[in-house]
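The chains referred to below are lettered A, B, ... by the order of the sequence lines, with proteins before strands, and numbering in each begins at 1.
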There are 2 protein chains.
Amino acid sequence: MKSATENSNALLLENQICFPLYSAANALIRAYKPFLDQLDITYSQYLVMLVLWQHRAVTVKELGQQLGLDSGTLTPLLKRLESKGLVLRKRSTKDERARIISLTRQGKSLEQQAANIPRDLFCKTGLSPAQAKQLKALCQQLQAVLDN
Amino acid sequence: MKSATENSNALLLENQICFPLYSAANALIRAYKPFLDQLDITYSQYLVMLVLWQHRAVTVKELGQQLGLDSGTLTPLLKRLESKGLVLRKRSTKDERARIISLTRQGKSLEQQAANIPRDLFCKTGLSPAQAKQLKALCQQLQAVLDN
DNA sequence: GATAAAAAGATTGTACACAATATAAATTTG
DNA sequence: CAAATTTATATTGTGTACAATCTTTTTATC
């Protein structure tokens with residue numbers, strides 16, 4: 001039989017895996033802010049732009065699969081990017097249900113302004129390349145297992 | 001001079017540290033949901049309860065320091081916990097500005113119901129104890145560096 | 001080919017995060 | 001000790017996340 005002390009140990013904030021991960025993710029998003037403020041986009045909008053810079057044009061569904069977000073998150077976010085003049089939201093002619101999200105010229109040109117963000121941020125983390133690699137691998141494994 | 005290809009590599013979603021961390025944190029919060037639904041609390045509310053189970057009573061400021069959250073997040077969250085009957089929000093008699101957050105009997109008794117969540121969730125992650133330890137350490141280091 | 005089922009987004013509602021500002025109490029300073 | 005500053009919390013506004021539901025279009029199935 002477990003003692004009360006043993007039981008409560010498992011519930012200490014410091015003993016959870018969840019809290020450091022949650023806290024580090026929040027801290028990382030905050031760390032991006034000064035850089036992203038210069039581009040006038042948020043962190044989540046930046047993730048969408050990363051996908052678009054890579055793929056040029058994608059559907060909302062594909063974006064959702066890449067980023068693990070649903071239409072309830074993406075639809076308003078994409079409308080904001082549209083109103084900023086960074087993306088277009090055209091209906092597919094092949095499938096009228098689907099929206100094709102593509103970059104405007106302004107959206108494309110933002111890629112140059114974002115070019116140094118990954119390096120700047122990596123410096124800010126103070127992680128060694130090996131540590132970053134390890135952290136990335138562990139997070140990817142965790143996410144993959146949890147999302148089945 | 002860098003080629004366009006070299007520049008864009010740094011901006012690939014897969015090459016960012018940020019995305020796996022963000023994505024894993026989201027996945028972990030989703031993974032808690034079925035367990036926390038049984039207690040009728042959210043993930044953030046659970047973090048607050050962890051602090052309270054450990055310390056019995058704290059001010060909003062202390063909660064914010066422990067969790068890295070500000071009053072804009074905590075005030076409405078604590079009001080929700082209060083309306084669920086889990087916490088009390090009393091003004092300090094020593095300092096009328098401060099709110100002392102304490103557990104109700106119901107809030108205390110919830111600790112027993114939460115006792116198995118850490119173990120259940122750890123199983124769900126599929127991480128080895130060594131991997132969990134590593135992930136935790138890297139996240140704590142990252143958060144500490146980023147928040148100065 | 002009409003009807004049922006599935007798929008793609010949009011909408012609604014709840015709950016964070018967090019910046020910016022406001023308010024009131026406590027503390028410091030002149 | 002009055003005025004200025006600081007501190008603790010609350011409020012407001014914006015932007016995610018995500019569950020649940022709805023609409024429209026497409027695809028199956030009879």
Student: Summarise protein proximity over nucleotides 18-26 of chain D in one line of letters, 5' to 3': B for base, S for sugar-phosphate only, - for none, counting protein heavy atoms closer than 4.0 Å.
Tutor: BB----BBS

Student: Would you please confirm or rule out a distance under 4.0 Å between OP1 or OP2 of D:dT16 and any side-chain N or O of A:Gln45?
Tutor: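 True: A:Gln45 side-chain N/O within range (under 4.0 Å) of D:dT16 OP1/OP2.
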
Student: On the nucleotide D:dA10, are OP1 or OP2 found under 4.0 Å from the side-chain N or O atoms that B:Arg99 carries?
Tutor: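 Yes, because at least one side-chain N or O of B:Arg99 sits under 4.0 Å from OP1 or OP2 of D:dA10.
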
Student: Go nucleotide by nucleotide along DNA chain D from the 5' end; which of B:Leu74 and B:Tyr22 gets its closest nucleotide reached first?
Tutor: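 Comparing both residues, the 5'-ward one is B:Leu74.
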
Student: Calculate the interatomic distance between B:Arg91 atom CZ and D:dA8 atom P; express it in whole Å.
Tutor: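 My rounded result for the distance is 13 Å.
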
Student: If only atom types and distance count, is the side chain of B:Lys84 paired as donor or acceptor with the main-chain N or O of B:Ile41 below 3.5 Å?
Tutor: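 No, B:Lys84 side chain to B:Ile41 backbone: no donor-acceptor pair under 3.5 Å.
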
Student: Reading DNA chain C 5' to 3', which nucleotide is the first, and which the last, to come under 4.0 Å of any heavy atom in chain A?
Tutor: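 In short, chain A contacts DNA chain C from C:dA7 to C:dA19.
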
Student: Could you tell me whether a side-chain N or O of A:Asn116 sits under 3.5 Å from a main-chain N or O of A:Arg119, the two making a donor and an acceptor?
Tutor: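 Checked: no pair found.
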
Student: Do any N or O atoms from the side chain of A:Ser109 and from the backbone of A:Gln106 form a donor-acceptor pair under 3.5 angstrom?
Tutor: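 Yes, because the side chain of A:Ser109 sits within donor-acceptor range (under 3.5 Å) of the backbone of A:Gln106.
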
Student: Examine A:Leu121 and A:Val51 and state if one hydrophobic cluster contains both, with Ile, Leu, Val, Met, Phe, Trp and Tyr joined whenever side-chain heavy atoms are less than 4.5 Å apart.
Tutor: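 They do share one cluster, since a chain of ILVMFWY contacts under 4.5 Å joins A:Leu121 to A:Val51.
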
Student: Tell me: CD1 of B:Ile100 to P of D:dT9, nearest whole Å?
Tutor: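 Answer to the nearest Å: 9 Å.
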
Student: Let me know the distance between CG of B:Leu78 and C1' of D:dA8, rounded to the nearest Å.
Tutor: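 B:Leu78 atom CG is separated from D:dA8 atom C1' by 13 Å.
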
Student: What is the minimum heavy-atom distance between B:Ile101 and B:Leu52, and which atoms define it?
Tutor: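 Reported closest heavy-atom pair: O-CD2, 3.6 Å.
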
Student: Rounded to whole angstrom units, what separation is found between the CG atom of A:Asp147 and the P atom of D:dA17?
Tutor: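 Going from CG in A:Asp147 over to P in D:dA17 covers 14 Å.
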
Student: Let me know the distance between CZ of B:Arg89 and C1' of D:dT9, rounded to the nearest Å.
Tutor: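 So the two atoms are 9 Å apart, to the nearest Å.
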
Student: Please report, rounded to the nearest Å, how far the P atom of D:dT14 is from the NZ atom of A:Lys79.
Tutor: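 My rounded result for the distance is 17 Å.
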
Student: Once you measure the plane-to-plane angle for A:Tyr32 and A:Tyr46, does it fall in the parallel (<30°), tilted (30-60°) or perpendicular (>60°) bin?
Tutor: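 Rings of A:Tyr32 and A:Tyr46: tilted, 30 to 60°.
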
Student: For B:Ala132 and B:Phe122, work out which heavy atoms get closest and say how close.
Tutor: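 That would be CB-CE1, 3.6 Å.
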
Student: Would you confirm whether B:Asn26, through its side chain, and B:Ile29, through its main-chain N or O, come within 3.5 Å as a donor-acceptor pair?
Tutor: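 The answer is no, because no donor-acceptor pair under 3.5 Å joins these two groups.
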
Student: Checking the side chain of A:Arg99 only, and the main-chain atoms of A:Arg89 only, is there a donor and an acceptor separated by less than 3.5 Å?
Tutor: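 Side chain of A:Arg99 to backbone of A:Arg89, a donor-acceptor pair under 3.5 Å: yes, one is there.
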
